Student: 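I have a structure I would like to understand better, so I am pasting it below and will then ask my questions one at a time.
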Amino acid sequence: AAQQKHQKTETKEVANFDAVVVGAGFSGLYMVYRLREAGFSTRAYEAGDGVGGVWYWNRYPGARCDIESIYYNYTFSDELLQEWTWSSRYAEQPEILSYLNYVADKFDLRRDIQFKTRITAAHYNETTNRWQINMDDGTSVSAKYFITGVGCLSAASIPTFKGLDSFEGDWYHAGHWPHDKVDFQGKRVGVIGTGCTGVQVIPAIAQEADRLMVFQRTPQYSTPAQNHPLDPEFIRQTKDNYSAIKRQIRESFMGTPYMPRDRSVLDDTPEERQRVFEEAWEQGGQALPFTYKDLVFDEAANETIADFVRSKIREIVVDPAVAEKLMPKYYFATKRPVIDTNYFETYNRENVTLVDVRQAAIQEITPKGLRTSDMEYELDILVFATGYDAMTGPLFKIDIRGRDGAALKEKWAEGAQTRTYLGIATAGFPNFFMITGPESPSVVTNMLVSIEQHVEWIADCIQYMREHGVETIEAKAEAEEGWSKHCREVADSTLYTKTDSWYTGANIADKPLGFPIYLGGVGPYRQICNEVADKGYEGFSLI
Ligand code: N01
């Protein structure tokens, strides 16, 4: 039936390419560049009217990257590294978007990108060994290779609250923020969600709105970003040392030069731990999780750092009752570690109210605001910082079908954690590559390092195929099974799988639980991928 559906698709085929790429974010842009350099005809399709991916859509106030700017850029071009200068330790969204536009201009990438076009379906045709790719404008193209650069966090999730249609005010999801400034002045604003997004948007809105109501279900650990403008001397040294930095981040664990200190927190006295934690808190950013090697492996070790952050929250938040509501209880750093600028301080403001919706659940959105089981809150604007259907969500927005018309969505119906080879490919879907797909290191790392590694590996693979007269590459089922098992075993040796999060899929109703992220580190993962390639693409069938 699926095959019939495939054949019945009524679209107008307008072009043929060697490769079609989905998205013009960091992944899509670099994939277009690499393939074009290698002489393959390539077209990227992008739903937005500009480049940038998540940095195009996430225009909410306070949006900035939680990886230090000097490591959050492409490293493939020395010239680009020397030309571009970041203004602060953690770059804000407008600056990152300017960078991506600069890259697109510098390498003349726009001529191979079709904007304002969403790919709706990609079906593999066994007879022609090509992918037929359909767009939302009714056109269709064919390509030998189908490559997704859809990102891991691009499918916004808005919980199905009763009554949202009746709300008389304005509402926004942070990941689909309007291009025009939203004016909060004189307004009563509600924010639902206290993940990375909530922690950034809450302090920014609080400065402007008349009243801000934060609807919190799960309190967060968050540590100060200690953001600051970059010193010209520091920039000069960074630019002088970029080849060493590049090597270091590529071989590292997380895609930044930091490695956990080779010491157990339990081997230090409470006083010494306190000193180490205080120093990392002052240093800010992602320093705290790197203070000891066992923090995400051992429950007792984790409790020491969790206690430290809780004590900091009690110090910062003046009202002890509010501070208690803000106490996080899950294992520290088993959700994406959050860094902030004045997050906990914001709860000391007179115009901010914290509402614990774990204690009094949200019941409905009303025409005038939001009702919990306790009371109704009147609101002019409602902001959803409620996150994403991560990892598989962006892929499932496209009807991807491989051999015999089998749908990717059906193949992974029992969870994405058991169904890819290296997070790049999946059995039954020939000549299909995923940039930062499920079961690759992706979201626990500096995405830029992971993206460059995948793009280069995929481009090399396609070149290898051309050089060796290979028409089809496809992951073998047994290789896929082995990788998925390995991926899960690594995750189970940590505390990550003991916390419900968007990593596990627990944030989306009815999503199968899993852990579709490789926690082995970007350096070791790169080595594995290189070895696979060096052995003639071991684990793949090449025909
Ligand atoms: O999403 P989240 P996010 N009722 O899923 C709450 C990246 N990112 O957009 O935990 C009430 O983390 C939910 O509560 P709970 C980064 O990787 C990076 O903040 O499910 N509340 C939670 O508090 C990040 O991890 C940057 O109980 C509901 C929040 O909404 C990832 O994106 C910036 C609810 C969702 O938090 C996702 O972050 C921003 C309901 N029905 C994002 N449903 C930087 O680089 C959900 N929630 C800095």
Side-chain angles (χ1 to χ4, degrees), residues 26 53-55 57-69 71-72 89-93 96 151-162 164 172-177 190-204 213-223 225 227 254 285-286 326 328-330 333-341 343 354-365 370-373 382-391 393-394 436 442-448 450 496 499-509 511 517:
F26 271 109
V54 289
W55 298 108
W57 298 105
N58 278 258
R59 296 165 187 251
Y60 61 85
R64 78 172 75 234
C65 187
D66 61 1
I67 297 288
E68 284 170 85
S69 51
Y71 310 124
Y72 195 78
R89 181 181 183 190
Y90 293 101
E92 284 187 73
Q93 175 270 338
I96 301 173
C152 302
L153 292 156
S154 55
S157 163
I158 299 176
T160 46
F161 290 120
K162 193 176 128 198
L164 182 57
Y172 310 97
H173 187 285
H176 288 282
W177 202 258
V191 173
I192 304 178
T194 53
C196 283
T197 304
V199 165
Q200 291 186 328
V201 82
I202 287 163
M213 258 72 76
V214 176
F215 299 97
Q216 169 197 268
R217 188 164 66 183
T218 304
Q220 266 297 351
Y221 298 96
S222 181
T223 56
N227 193 27
M254 226 193 89
Q286 302 286 3
L326 288 165
K329 300 199 175 64
Y330 64 90
T334 54
K335 296 188 188 207
R336 171 87 181 185
V338 182
I339 65 173
D340 70 88
T341 302
Y343 176 62
L354 176 65
V355 182
D356 179 352
V357 297
R358 175 88 62 196
Q359 182 254 320
I362 298 172
Q363 303 217 306
E364 61 174 332
I365 311 293
L370 179 157
R371 191 193 313 281
T372 68
S373 55
L382 186 51
V383 173
F384 290 93
T386 44
Y388 299 87
D389 181 354
M391 318 300 295
T436 67
S442 69
V443 289
V444 292
T445 70
N446 173 359
M447 283 298 280
L448 260 288
S450 288
Y496 281 85
T499 297
D500 282 345
S501 67
W502 60 259
Y503 290 161
T504 65
N507 64 326
I508 301 296
K511 187 167 179 174
I517 305 159

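Each residue takes its place number in the sequence, starting with 1. As the structure lists them, so they are numbered: ligands from 1, and atoms in each ligand from 1. Since the model is a prediction, treat every value here as computed from it, not as a measurement.
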Student: Sequence neighbours excluded, which residues qualify as side-chain contact (heavy atoms from CB on, under 4.5 Å) partners of T499?
Tutor: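 Result, side-chain contact (heavy atoms from CB on, under 4.5 Å) vs T499: Y330, Y331, T334, K335.
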
Student: Angle class for the Y72/F26 ring planes (parallel below 30°, perpendicular above 60°, tilted otherwise)?
Tutor: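 The arrangement is perpendicular - the two ring planes meet at more than 60°.
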
Student: Quick one: do V443 and M391 satisfy side-chain contact (heavy atoms from CB on, under 4.5 Å)? Show the steps, please.
Tutor: CA-CA 9 Å; V443 289; M391 318 300 295; 4.0 Å; yes

Student: Can you sort out the partners of Q216 under side-chain contact (heavy atoms from CB on, under 4.5 Å), two or more places apart, ordered by chain and number?
Tutor: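 Q216 satisfies side-chain contact (heavy atoms from CB on, under 4.5 Å) with T194, P219, L326, L354 once adjacent residues are dropped.
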
Student: Between S222 and D340, do the side chains contain a donor N or O and an acceptor N or O under 3.5 Å apart?
Tutor: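 Distance-only check passes for D340 and S222.
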
Student: Would you please name every residue forming a salt bridge (charged side-chain N to carboxylate O under 4.0 Å, His left out) with R89, sequence neighbours left out?
Tutor: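 R89 satisfies salt bridge (charged side-chain N to carboxylate O under 4.0 Å, His left out) with E68 only.
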
Student: Protein residues near ligand 1, heavy-atom distance below 4.0 Å?
Tutor: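 Within the 4.0 Å shell of ligand 1, which is judged on heavy atoms, sit Y60, R64, C65, D66, L153, P159, F161, I192, G193, T194, G195, C196, T197, Q200, R217, T218, K335, R336, R358, A385, T386, G387, Y388, W502.
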
